[in-house]
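Notes follow once the structure below has been shown.
All values reported here derive from a predicted model rather than from experimental measurement. Whatever order the structure lists them in is the order used to number ligands and atoms, beginning at 1.
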Amino acid sequence: MRHLISPLDFNVEETNSLLDLAEKIITDPSAFKNVCNGKKLATLFYEPSTRTRLSFEAAMLNLGGSVLGFSSADSSSAAKGESVADTIRVISSYADICAMRHPKEGAPMVASQYSRIPVINAGDGGHNHPTQTLTDLLTIKQLKGRLTDLKIGLCGDLKFGRTVHSLISSLSRYEGISFVMISPEELKLPDYIKHEVLEEKGIPYKEVTNLEEVMPDLDVLYMTRVQRERFFNEEDYIRLKDIYILDKKKMAHAGKDMLVMHPLPRVNEITTEVDDDPRAVYFKQAEYGVYVRMALILTLLEMEVQ
Ligand code: CP
């Protein structure tokens with residue numbers, strides 16, 4: 001039995017196979033509509049979510065399966081003090097696979113140690129968000145036609161942004177990738193990712209504060225939200241929250257093929273006037289999340305696909 005806790009739990013070949021399967025599903029979704037008949041997905045969400053939880057549920061329903069779960073810690077027995085270990089032991093009798101989001105880093109990993117069903121990390125604190133990364137890889141592959149030889153700009157909250165941490169780890173395994181980190185001093189990428197991922201693998205990267213200056217060189221600009229829920233101090237959040245706002249004027253600096261991605265939800269960091277720009281692909285990205293999660297469920301349940 002396999003789990004998906006870290007973006008590196010699948011090697012490059014396995015990741016590519018999963019993306020191939022997602023692309024097969026995009027081409028002919030009806031061919032997969034009964035593959036998971038009788039199977040159940042549990043969504044255990046201790047933190048708010050729109051896309052991840054509902055795209056997991058849509059994915060399982062599209063495959064002919066069923067879903068059960070909770071969408072906040074308050075509506076589960078976590079509110080009475082139940083541990084993640086006890087919860088997953090019980091859920092293992094109720095479902096065939098589960099997706100867990102938790103504010104504490106490492107909670108899905110703990111769950112996987114006690115689980116009798118595959119556990120998928122649907123976001124753990126400021127640590128990782130591997131299924132967002134699979135969504136991002138599928139988006140880049142579909143819209144750029146490759147996962148190699150790309151200059152990726154990551155902008156905003158690089159300190160707490162788990163989507164960014166997972167994306168860097170995963171993309172660093174492909175040839176010809178370089179990164180431009182665009183953030184204020186206070187929200188820079190954690191040192192452990194710079195040292196253990198980028199420097200260890202010799203991946204070219206630079207850290208800058210000015211967004212417009214680097215935009216002409218980017219293949220992808222990955223915008224992120226400044227995450228209020230991870231700040232200890234509201235004053236710091238207010239000071240930093242609108243530090244980068246991508247608008248139509250700034251988009252004039254970008255190449256004609258540069259993709260603007262965002263894991264969503266957005267707050268102010270991309271103005272709505274950018275939404276109609278053909279380079280803005282964040283809503284398409286959210287749509288790809290369903291297909292990649294269908295592929296992931298099939299892979300972890302080891303379902304036979306013709
Ligand atoms: N991208 C993402 O994780 O969105 P949600 O928080 O809505 O699930």
Side-chain angles (χ1 to χ4, degrees), residues 4-7 22 41-62 67 69-76 97-108 119-140 142-143 152 154-171 220-231 237 241 244 246 259-270 272 274-275 280-297:
L4 179 66
I5 304 301
S6 149
L41 164 78
T43 51
L44 314 179
F45 276 60
Y46 296 81
E47 230 190 19
S49 167
T50 295
R51 273 145 297 276
T52 310
R53 186 170 68 84
L54 297 181
S55 64
F56 260 117
E57 295 191 1
M60 191 48 141
L61 295 172
N62 288 347
V67 295
F70 54 82
S71 58
S72 74
D74 287 349
S75 63
S76 78
I97 185 166
C98 86
M100 175 182 284
R101 170 169 290 187
H102 203 287
K104 281 201 182 135
E105 284 87 356
V119 175
I120 301 166
N121 178 1
D124 62 328
H127 190 215
N128 273 317
H129 194 346
T131 65
Q132 181 64 50
T133 296
L134 292 172
T135 300
D136 299 342
L137 295 181
L138 180 62
T139 304
I140 297 171
Q142 281 275 306
L143 302 180
I152 313 280
L154 302 161
C155 179
D157 182 354
L158 309 187
K159 180 178 180 184
F160 297 115
R162 59 193 174 197
T163 60
V164 164
H165 303 165
S166 291
L167 186 60
I168 291 172
S169 299
S170 201
L171 267 180
V220 174
L221 172 60
Y222 194 96
M223 296 295 293
T224 63
R225 173 177 67 95
V226 175
Q227 304 198 33
R228 180 181 214 146
E229 65 273 30
R230 314 264 178 242
F231 275 78
Y237 168 71
K241 71 184 176 69
Y244 297 108
L246 183 65
L259 300 182
V260 182
M261 295 175 63
H262 191 309
L264 304 179
R266 78 166 145 193
V267 187
N268 294 326
E269 60 278 4
I270 304 179
T272 53
V274 177
D275 296 354
V281 299
Y282 27 89
F283 292 115
K284 190 78 190 158
Q285 186 181 350
E287 186 186 327
Y288 286 134
V290 177
Y291 301 116
V292 93
R293 290 181 175 101
M294 288 170 75
L296 178 63
I297 290 168

Within 6.0 angstrom of Lys241 NZ, more than 12 heavy atoms from elsewhere: yes
Atom pair OH/CG of Tyr288 and Leu138 - distance to nearest 0.5 Å: 6.5 Å
I'd like to check which ligand 1 atoms, numbered from 1 as shown, lie under 4.0 Å from a non-hydrogen atom of [X].
| X | result |
| --- | --- |
| His129 | 2 (C), 3 (O) |
| Thr50 | 5 (P), 7 (O), 8 (O) |
| Gln132 | 1 (N), 2 (C) |
| Thr52 | 2 (C), 3 (O), 4 (O), 5 (P), 8 (O) |

Geometric N/O contact Arg53 with ligand 1, under 3.5 angstrom: no
N or O pair under 3.5 Å between Pro263 and ligand 1: yes
Heavy-atom pair of closest approach, residues Phe45 and Ala99: CE1-O, 3.7 Å
Where Ile5 and Asn121 come nearest, the two heavy atoms and their spacing: O-ND2, 2.9 Å
contact_flag Glu47 ligand 1 heavy-atom lt 4.0 Å: no
Non-hydrogen side-chain atoms of Thr135 and Arg293 separated by less than 4.5 Å: yes
Shortest protein heavy-atom distance from atom 6 (O) of ligand 1, along with the residue and atom involved: Arg101 NH1, 2.9 Å
Closest protein heavy atom (residue, atom, distance) for atom 4 (O) of ligand 1: Arg51 NE, 3.1 Å
Mutual orientation of the aromatic rings belonging to Phe70 and Tyr46 [parallel < 30°, tilted 30-60°, perpendicular > 60°]: perpendicular
Residue that, paired with Thr43, satisfies side-chain hydrogen bond (donor to acceptor under 3.5 Å, both in side chains) out of Arg53, Arg101, Glu57: Glu57
For ligand 1, the portion of Leu264 having any non-hydrogen atom under 4.0 Å away: backbone
